[in-house]
Asks: 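Got a structure for you, written out below as structure tokens; questions coming shortly.
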Number of protein chains: 2
Amino acid sequence: MGNKRIRKNPVRPMRISDIAELAGVSNATVSRVINGFSSVNEDIAQRVRDIIKEVGYVPSQTARSLSLGASQTIGVVVPDLSNPMYHAVLRGVHRAAAADGYRVLVADTLEETQGEAAVALDIRHRTDALVLIAPRMTRPELLALLMRVHPAAVINRTTGENAVVARVDYEAGIQTLADHLRGLGHTRIAFLSGPEHSRSNHDRQRGLETYRAAHPEVEIVDIPTGSGFDDGHRSWEAVREFGATAVMAFNDLVALGLIGRLTEEGVRVPDDISVAGFDNIPFARYSSPALTTMAVDLGEVGASAWRDLKQEIEGIARREATVFTPELEARASTGAKPLRDEI
Amino acid sequence: MGNKRIRKNPVRPMRISDIAELAGVSNATVSRVINGFSSVNEDIAQRVRDIIKEVGYVPSQTARSLSLGASQTIGVVVPDLSNPMYHAVLRGVHRAAAADGYRVLVADTLEETQGEAAVALDIRHRTDALVLIAPRMTRPELLALLMRVHPAAVINRTTGENAVVARVDYEAGIQTLADHLRGLGHTRIAFLSGPEHSRSNHDRQRGLETYRAAHPEVEIVDIPTGSGFDDGHRSWEAVREFGATAVMAFNDLVALGLIGRLTEEGVRVPDDISVAGFDNIPFARYSSPALTTMAVDLGEVGASAWRDLKQEIEGIARREATVFTPELEARASTGAKPLRDEI
DNA sequence: CTGAAAGCGCTAACAC
DNA sequence: GTGTTAGCGCTTTCAG
């Protein structure tokens, strides 16, 4: 690489001045052509375009971003990329943003609360706006962060005035589900609660408190469980001990785990016990029996966050939270309360 | 922004010269402190650090990238973000790259072959390197592209010398699976093939051709099916018509779809018929019966691609493809061939 | 050990 | 219509 002769496989990428030189015009003219300013003589414009195509020139987005003060890129901060729920949101954000010509920089914080704000700040400084998916940090931290990263959208956390919010109303969702079971005659219901510090789990629990108050005749017990298949699988003893005729799992995975165990134990679903999940994962409708669950289109949540965020980027303020309420998908895993508890 | 007075809520982000001014030093010194050059007097360095922390200054990564000619960012081009398989690879790449201080820009090409190369080029021009996950474009297009985006890693496509390659050996994997079934006594096996243009499907089919040649006593028929649950569900008639005692599905979803149908039809798995999947999705071990399938750690494929790519970025050439061979996860959905075909 | 100044590649006034 | 030029914010020789 030491010698000066032009190499066959050019090391230094083309830049705008190379094109300008080849076309015998100025950088500014090339820039105008690239950006479609009509003020350029058509002949010249065509010549420039031809040369660009011929040599395969692609402008440096970095330089462009620096000059423009905008990168047409947004950052998305995810607590855990391996969680399909967040993944669905990411996809929704991505598609919506891509349709508007924005690229997406992702950062997985690996559930580590401490580095979260730092990652967000770093990412924000390479992008034009931020989407925070279910941030884990404390509320004061979040508010302080939002102050500094505006414009930003926050998913599944409430904020002050400083960010766009899109969220799922788990509180209402779980009540809808409880009501579904009550309608089937169940009055002893187990809720297999999720991770201790999960906000969406808290929301469900709060919803159930409200529900208990409104319907004192139905007894709902909280059984700390977890969020995975195995957790559901393991929960059977506790469920049996309580004598539940119906179970609401923290999510579909837990529900399916429990159903798997029930099958092993020879307990029939829903004849002996009803089991419902939450989230409506793709597999839910194919399990046997098909799983009753609460559905919310997370892709749409992400897309909505992007739309509102775009408004912010463009300076059009729009600050009411967009709330998505999960809908009941009643399937075969829930049914009428058995006449006698003969489990 | 017309008036000159300093605004209370600063619109213009801090820049390095602001810090320099506050600290009474030059930009260069601030830069040195930020980048940890030890040559700076410790007192000054500390003062600068304090100020940076106090005012919450974060350097513009864009400017830094332009100046350095590197962005510490890689691009990942995915054909379809909603596909959990690609998603797993993305996650692997992301984690490995993040551990090395690299950020990840993602682009979903939405399965649109035409724009793929253009997206890749655009992304590459904002990043230091590229990862192409199972690109759809033709081989000549791919080779031409690789020439221009180096350094790049390609997953699940073979290339010439111009890129790092990590791939899954589906050809070997399907043969392992076929052998598992043969070992159980099956000699009439159906392969529920996947999407027409899927490369991994072709690989499986080629593997089976090899297998047929080596084991003429086992009859393997190809039943065009698809890649989804419903496809598996629908495949039952064709499977029955052929009289298969064992089925290899294109993937786990198809296998589970078929099993669901079999359950509905009262056909027992594996007593009446064995069913195996491919991919080992998380749910596979929890289905009933637990699904026999071929497992490959896609996260590790992604991580491997990153490791090799990093070598390339650092100029250390390393060009043999890294091949991952799927391993058999023998579970309950496959068993000995039934003595009589009484289906 | 520190500062001045020249870029990195592109855009956008402002002239002509 | 087209060119000149001054930045965008940071890094990095090169002097001192």
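Throughout, protein chains are lettered first and strands after them, A, B, ... in sequence-line order, and every chain is numbered starting at 1. Treat the numbers as computed from the prediction; the structure is a model and nothing was measured.
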Asks: Reading DNA chain C from 5' onward, which residue's closest nucleotide shows up sooner: B:Leu68 or A:Arg32?
Replies: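 Closest to the 5' end, via its nearest nucleotide, is B:Leu68.
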
Asks: For A:Ile19 and C:dT11, what is the distance between atoms CD1 and P respectively, to the nearest whole Å?
Replies: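 One finds 13 Å between P of C:dT11 and CD1 of A:Ile19, rounded.
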
Asks: Report which part of the nucleic acid B:Val25 touches: base, sugar-phosphate, or nothing (heavy-atom distance under 4.0 Å, all strands).
Replies: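 The answer is sugar-phosphate, as B:Val25 gets under 4.0 Å only of primed atoms, P, OP1 or OP2.
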
Asks: Between A:Arg15 and A:Ala28, which has a closest nucleotide on DNA chain C that is more 5'?
Replies: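 Whichever sits nearer the 5' end wins; that is A:Arg15.
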
Asks: C:dT11, OP1 or OP2 - any side-chain N/O from A:Ser31 closer than 4.0 Å?
Replies: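 So the side chain of A:Ser31 is within the cut-off, an N or O lying under 4.0 Å from OP1 or OP2 of C:dT11.
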
Asks: To the nearest Å, how far apart are B:Ile16 CD1 and D:dT12 C1'?
Replies: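 The distance from CD1 of B:Ile16 to C1' of D:dT12 comes to 12 Å, rounded to the nearest Å.
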
Asks: Rounded off to whole Å, could you give me the NE2-to-P distance for the B:His125 and C:dG9 pair?
Replies: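 Going from B:His125 (NE2) to C:dG9 (P), I get 11 Å.
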
Asks: Could you tell me whether the phosphate oxygens of D:dT11, OP1 or OP2, come under 4.0 Å of any side-chain nitrogen or oxygen in B:Asn35?
Replies: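 Checking B:Asn35 against D:dT11: at least one side-chain N or O falls below 4.0 Å of OP1 or OP2.
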
Asks: Figure out the CE/P separation between B:Met14 and D:dC10, and round it to whole Å.
Replies: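 Going from CE in B:Met14 over to P in D:dC10 covers 11 Å.
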
Asks: Report, one line per pair, each donor and acceptor closer than 3.5 Å where one atom sits in a side chain of residues 125-135 of chain B; sequence neighbours left out.
Replies:
{"from": "B:His125", "atom 1": "ND1", "to": "B:Leu121", "atom 2": "O", "distance (Å)": "2.9"}
{"from": "B:Arg126", "atom 1": "NE", "to": "B:Asp122", "atom 2": "OD1", "distance (Å)": "2.8"}
{"from": "B:Arg126", "atom 1": "NH1", "to": "A:Ser71", "atom 2": "O", "distance (Å)": "3.1"}
{"from": "B:Arg126", "atom 1": "NH1", "to": "A:Thr73", "atom 2": "OG1", "distance (Å)": "3.2"}
{"from": "B:Arg126", "atom 1": "NH2", "to": "B:Asp122", "atom 2": "OD1", "distance (Å)": "3.4"}
{"from": "B:Thr127", "atom 1": "OG1", "to": "B:Ile123", "atom 2": "O", "distance (Å)": "2.9"}
{"from": "B:Thr127", "atom 1": "OG1", "to": "B:Arg124", "atom 2": "O", "distance (Å)": "3.4"}
{"from": "B:Thr127", "atom 1": "OG1", "to": "B:Ala129", "atom 2": "O", "distance (Å)": "3.3"}
{"from": "B:Asp128", "atom 1": "OD1", "to": "B:Ser71", "atom 2": "N", "distance (Å)": "2.8"}
{"from": "B:Asp128", "atom 1": "OD1", "to": "B:Ser71", "atom 2": "OG", "distance (Å)": "3.0"}
{"from": "B:Asp128", "atom 1": "OD2", "to": "B:Ser71", "atom 2": "N", "distance (Å)": "3.0"}
{"from": "B:Asp128", "atom 1": "OD2", "to": "B:Gln72", "atom 2": "N", "distance (Å)": "2.7"}

Asks: Is there a donor and acceptor pair, one atom on the side chain of B:Ser67 and one on the base of C:dG7, closer than 3.5 Å?
Replies: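 Indeed there is one.
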
Asks: Please give, in whole Å, the distance from C:dT11 C1' to A:Asn27 CG?
Replies: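 Going from A:Asn27 (CG) to C:dT11 (C1'), I get 10 Å.
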
Asks: Tell me whether the side-chain N/O atoms of B:Ser26 come closer than 4.0 Å to OP1 or OP2 in C:dG3.
Replies: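 Checking C:dG3 against B:Ser26, a side-chain N or O does come within under 4.0 Å of OP1 or OP2.
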
Asks: So if I take residues 42-59 of chain A and measure heavy-atom distances to DNA chain C, which residues fall below 4.0 Å?
Replies: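 Going residue by residue through residues 42-59 of chain A, the ones with a heavy atom under 4.0 Å of DNA chain C turn out to be A:Tyr57, A:Pro59.
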
Asks: If only side-chain N and O atoms of B:Arg64 are considered, is one of them under 4.0 Å from the OP1 or OP2 phosphate oxygen of D:dC10?
Replies: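 Looking at the OP1 and OP2 atoms of D:dC10, neither is under 4.0 Å from any side-chain N or O of B:Arg64.
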
Asks: Would the distance check show the side chain of B:Ser65 and the main-chain N or O of B:Gln61 forming a donor-acceptor pair, the cut-off being under 3.5 Å?
Replies: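 Indeed, once roles are kept as given, a pair shorter than 3.5 Å links the two residues.
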
Asks: Donor-acceptor pair, distance only, cut-off 3.5 Å: does the side chain of A:Arg148 make one with the backbone of B:Gly56?
Replies: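 The answer is yes, because a donor-acceptor pair under 3.5 Å joins these two groups.
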
Asks: What is the distance, to the nearest angstrom, from the CG atom on A:Leu66 to the C1' atom on C:dC10?
Replies: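 About 8 Å, once rounded to whole Å.
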
Asks: Might you work through the side chain to side chain contact (heavy atoms under 4.5 Å, CB included) test for B:Asn27 and B:Arg32, ending with a clear yes or no?
Replies: CA-CA 9 Å; B:Asn27 292 5; B:Arg32 289 184 185 111; over 6 Å; no

Asks: Could you state the CD-P distance from A:Gln61 to C:dT11, rounded to the nearest angstrom?
Replies: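 In whole Å, C:dT11 P and A:Gln61 CD are 9 Å from each other.
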
Asks: Is the phosphate of D:dG3, meaning OP1 or OP2, less than 4.0 Å from a side-chain N or O of A:Thr29?
Replies: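 Looking at the OP1 and OP2 atoms of D:dG3, one of them is under 4.0 Å from a side-chain N or O of A:Thr29.
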
Asks: Between B:Thr62 and A:Val40, just flag the one whose closest nucleotide in DNA chain D comes earlier from the 5' side.
Replies: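 Its nucleotide being nearer the 5' end, the pick is A:Val40.
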
Asks: B:Glu21 has an atom CD; how far is it from atom P of D:dC10, in whole Å?
Replies: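 It works out to 14 Å between those atoms.
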
Asks: B:Val30 and side-chain contact (heavy atoms from CB on, under 4.5 Å): which partner among B:Ile51, B:Val40, B:Val25?
Replies: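 In the set B:Ile51, B:Val40, B:Val25, the residue that makes a side-chain contact (heavy atoms from CB on, under 4.5 Å) with B:Val30 is B:Val25.
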
Asks: Any side-chain heavy atom of A:Arg167 sitting closer than 4.5 Å to one from A:Arg157?
Replies: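 When only atoms from C-beta onward are counted, A:Arg157 and A:Arg167 do not touch, as no gap falls below 4.5 Å.
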
Asks: Identify whether the distance between the nearest side-chain nitrogen and carboxylate oxygen of B:Glu300 and B:Arg95 falls below 4.0 Å.
Replies: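 So B:Glu300 does not pair with B:Arg95 through a salt bridge.
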
Asks: Under 3.5 Å, side chain of A:Asp108 to main-chain N/O of A:Leu81, donor-acceptor pair present?
Replies: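 A pair under 3.5 Å: yes.
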
